[in-house]
4 protein chains.
Amino acid sequence: MTDAAPPAARTETGADLRRLILDHTRRLLVTGGYDGLSMRKIARGVGCSATSIYLHFEGKDALTHALIDEGMRRLYAELDAQAEDRPARRLDALCRAYVRFGLANPEYYQVMFQLHPERMARYPPEDYRRARRNVELFGEALADGAAAGVLRLVSSPDVAAMALWTALHGLVSLLLAERVDARVAGDAFIDAAVRQALAAFEVQ
Amino acid sequence: MTDAAPPAARTETGADLRRLILDHTRRLLVTGGYDGLSMRKIARGVGCSATSIYLHFEGKDALTHALIDEGMRRLYAELDAQAEDRPARRLDALCRAYVRFGLANPEYYQVMFQLHPERMARYPPEDYRRARRNVELFGEALADGAAAGVLRLVSSPDVAAMALWTALHGLVSLLLAERVDARVAGDAFIDAAVRQALAAFEVQ
Amino acid sequence: MTDAAPPAARTETGADLRRLILDHTRRLLVTGGYDGLSMRKIARGVGCSATSIYLHFEGKDALTHALIDEGMRRLYAELDAQAEDRPARRLDALCRAYVRFGLANPEYYQVMFQLHPERMARYPPEDYRRARRNVELFGEALADGAAAGVLRLVSSPDVAAMALWTALHGLVSLLLAERVDARVAGDAFIDAAVRQALAAFEVQ
Amino acid sequence: MTDAAPPAARTETGADLRRLILDHTRRLLVTGGYDGLSMRKIARGVGCSATSIYLHFEGKDALTHALIDEGMRRLYAELDAQAEDRPARRLDALCRAYVRFGLANPEYYQVMFQLHPERMARYPPEDYRRARRNVELFGEALADGAAAGVLRLVSSPDVAAMALWTALHGLVSLLLAERVDARVAGDAFIDAAVRQALAAFEVQ
DNA sequence: AATGAATGAGCTTTCATTCAT
DNA sequence: AATGAATGAAAGCTCATTCAT
């Protein structure tokens with residue numbers, strides 16, 4: 001039959017629908033936040049039925065989790081790309097890459113780090129473990145730096161990394177929330193904040 | 001003393017309903033976050049009709065804003081109570097008081113600092129101005145310390161205060177979100193993180 | 001006691017509140033129609049509590065009925081003022097006065113003639129009787145004209161008057177509803193429509 | 001013929017729900033008027049959930065508009081069926097068909113011609129254009145009659161048609177509103193009123 | 001792989017009205 | 001004469017999800 005149509009047409013939507021859904025979900029997250037998200041809005045945006053989303057994701061949670069995982073992988077890719085041998089320089093690069101990633105990907109950042117704990121409780125453990133790798137990169141740089149005597153550590157590398165991460169996260173999230181005074185916010189401020197967060201590790 | 005006479009008359013209803021509503025709203029915020037909040041749930045919790053809430057608050061926004069303002073005032077009270085003459089000590093006390101407040105009042109903290117910017121856009125300007133006073137307290141301590149030569153500043157007190165605030169906020173919000181590794185989180189970690197944030201201002 | 005205040009102050013709001021309510025209700029009717037009417041909106045506009053309206057009117061129905069009655073009286077006053085001895089001229093003047101009144105007082109006209117019959121079912125019979133006087137004025141002019149041989153009647157004056165009224169009502173209500181083509185509506189159109197409605201009574 | 005096969009499959013549900021909704025909406029309009037209308041009442045009447053209505057109509061407005069359009073088409077069908085060559089007779093038949101339609105379909109008539117202008121403002125322009133075709137039928141009869149010298153016109157056919165329409169509308173709407181004296185209303189009255197409205201076009 | 005139809009629960013808000021004061 | 005507090009009912013609408021096809 002002629003109306004059996006080109007099979008390629010289906011292929012394009014077929015496996016790619018998953019991608020389309022993820023991408024449009026991200027777009028919606030930027031404008032309306034997590035709560036402004038709805039399966040129907042996503043479907044409308046992608047041009048498929050709401051039901052179709054359930055063919056690719058178990059539910060809203062699973063969709064969100066997929067997005068988180070994707071974000072975590074991308075963040076890792078960016079952080080891991082900071083190929084710098086000297087630990088102090090690497091730490092600095094990691095911080096700046098982290099902030100850059102957050103500001104450039106508000107939608108990922110939101111679901112990755114600003115979701116209600118209850119919602120995260122159902123996050124798959126193995127994904128969680130991978131997510132933690134991101135902070136570990138900071139810990140490794142700190143440990144390397146301490147070993148080389150170029151970074152000063154007063155607590156364990158893990159603790160220091162976690163504390164550093166909280167500082168960076170505060171910077172990113174308040175900037176994204178537009179809570180930093182507009183007259184202050186800007187590259188200069190970001191630079192100052194990152195320096196301030198790193199000052200603790202400077203050897204005199 | 002004389003005007004203390006008839007307030008008991010309407011203990012359960014009257015002006016007290018406003019308080020009950022605010023209090024129960026806070027309770028709901030802890031468990032379900034801002035999006036888990038609903039006028040009906042609040043009403044059910046306080047034991048009044050959903051309509052009654054509208055007698056005391058113009059709408060959900062106004063109710064939230066009242067809560068934010070209340071939180072900001074309480075935070076200010078706590079920060080302002082850190083009566084310490086020596087600037088460096090005062091700054092330290094401010095930081096610890098801030099974190100303490102956030103962890104002790106997750107519901108306030110959430111609406112105060114983690115609301116979607118769109119939702120904050122409707123926040124009354126005069127309340128906003130008062131809210132900013134909180135960060136200013138940090139700026140004053142920094143300026144005082146710099147003047148006295150006991151704190152080192154590489155940027156303006158305002159910028160430094162804002163950057164310090166972002167660090168503290170990151171600490172509080174990740175702890176509240178239960179995103180800090182349980183094996184790490186604890187008073188020791190908080191102490192380490194605060195020290196790390198303050199290290200930038202230490203004079204060698 | 002000094003706070004017993006000037007009694008005149010109360011007098012002004014006292015009996016006059018009824019008037020204020022009626023007047024503001026009319027204003028609301030223009031903008032939002034009957035269904036856009038609400039006791040609270042009225043109260044807000046007048047500056048009194050919603051409860052206070054119930055001191056002056058039994059309910060929304062009674063308030064509406066009072067407005068209808070007032071409108072009917074005003075319409076009667078306008079029609080009755082068309083002092084013209086010659087019946088044909090008087091009839092013409094009555095028609096034009098009717099249309100003028102309707103267009104000038106859309107809020108009255110709406111409740112007077114465009115309310116759902118169910119809502120009118122509770123209208124007090126004695127008021128209804130007075131309302132009917134308005135159409136009777138047309139009937140009298142028609143009867144006078146027929147007796148004088150200057151108006152042609154093919155049905156009883158009552159029937160003819162009623163039919164004439166329906167035509168005028170159609171004109172007014174479609175104009176108020178903005179359903180007459182904007183390029184057509186205007187004084188010329190009104191004039192043409194009234195002439196057309198009166199043509200039936202012309203003696204050759 | 002072959003594609004007429006499986007429509008019985010979804011007799012109660014499927015595409016038929018749309019019809020059921022429209023029909024029940026009409027029924028509700030008769031008893032309670034436009035303002036007595038509610039999505040829930042409709043749903044209760046059809047035996048479906050309120051949500052289901054939104055599957056077939058975008059909202060209350062769209063539902064109403066669909067009803068208006070349907071009514072306009074039906075009215076047009078009735079008017080257009082008045083196949084009469086002689087213009088004067090055709091005009092008479094049009095008038096009587098119009099009134100007949102209005103009295104027989106109070107629910108359609110209501111939404112078609114008695115809706116608040118604000119509500120009509122959102123009516124789709126292309127539907128509006130079709131609706132206007134109804135009045136144009138009167139204009140054409142008038143123009144034909146004038147050209148043939150059997151109808152007297154003192155204004156343009158368009159204006160005369162519009163004026164005639166307002167008269168008929170007044171007749172229908174006051175009858176539907178039960179505002180015409182019960183002792184008068186009846187076929188004789190309708191006949192008298194229509195004659196009166198048409199008298200203007202009679203050639204002496 | 002994809003869909004249209006359907007739903008129950010829920011949302012914020014407004015309504016007319018009553019009651020104690 | 002006037003009010004603040006309160007309410008049940010209802011409004012229009014959106015939600016995540018299921019199911020038969």
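Each chain gets a letter, A, B and so on, in the order its sequence line appears, and its residues count up from 1.
- D/Arg19 has no carboxylate O lying under 4.0 Å from a charged side-chain N of D/Asp16, or vice versa, which leaves the two without a salt bridge.
- Counting heavy atoms from C-beta on, the side chains of D/Phe57 and D/Thr64 never come closer than 4.5 Å.
- When rounded to the nearest whole Å, the span between CD1 of C/Ile53 and C1' of F/dA1 equals 14 Å.
- Place D/Ala50 and A/Leu37 on DNA chain F by their nearest nucleotides, and D/Ala50 ends up nearer the 5' end.
- The shortest distance between side-chain heavy atoms of C/Met72 and C/Phe113 falls below 4.5 Å.
- Distance D/Arg44 CZ to E/dA6 C1': 18 Å, rounded to the nearest Å.
- Phosphate contact (OP1/OP2 of E/dA2, side-chain N/O of A/His56, threshold under 4.0 Å): present.
- Within 4.0 Å of A/Leu63, counting heavy atoms only, lies no atom of the nucleic acid at all.
- In this structure, D/Cys48 and A/Leu55 both approach DNA chain E, and ranking their closest nucleotides by distance from the 5' end singles out A/Leu55.
- Proximity of A/Ser49 to the phosphate of E/dT3: a side-chain N or O atom is located under 4.0 Å from OP1 or OP2.
- Rounding to whole angstrom units, NZ of residue A/Lys41 and P of F/dC13 are separated by 16 Å.
- Between A/Ile68 and A/Met112, the shortest heavy-atom distance links the atoms O-CG, 4.0 Å.
- Rounded to an integer number of Å, the gap from CZ of B/Phe57 to P of F/dA5 is 12 Å.
- Atom CE in D/Met39 sits about 19 Å away from atom C1' in F/dA9, given to the nearest Å.
- Rounded to a whole Å, the CD1 atom of C/Ile42 is 13 Å from the C1' atom of E/dT17.
- Scanning atom types as modelled, one donor and one acceptor separated by under 3.5 angstrom connect the side chain of A/Thr51 and the base of E/dG4.
- Taking atom CD1 on B/Ile21 and atom P on F/dA5, their separation rounds to 11 Å, with Å as the unit.
- Taking each heavy atom of A/Asp61 and A/Tyr34 in turn, the nearest pair found is OD1-OH, 4.2 Å.
- Pairing of F/dA6, defined by two Watson-Crick or G-U wobble distances under 3.5 Å, is identified with E/dT17.
- Between F/dA11 and D/Ser38, a contact under 4.0 Å exists linking OP1 or OP2 to a side-chain N or O.
- Between B/Asp61 and D/Arg40, the residue anchored closer to the 5' end of DNA chain E is D/Arg40, taking for each the nucleotide with the nearest heavy atom.
- Look at OH on B/Tyr54: it is 20 Å from P on F/dG4, rounded to the nearest Å.
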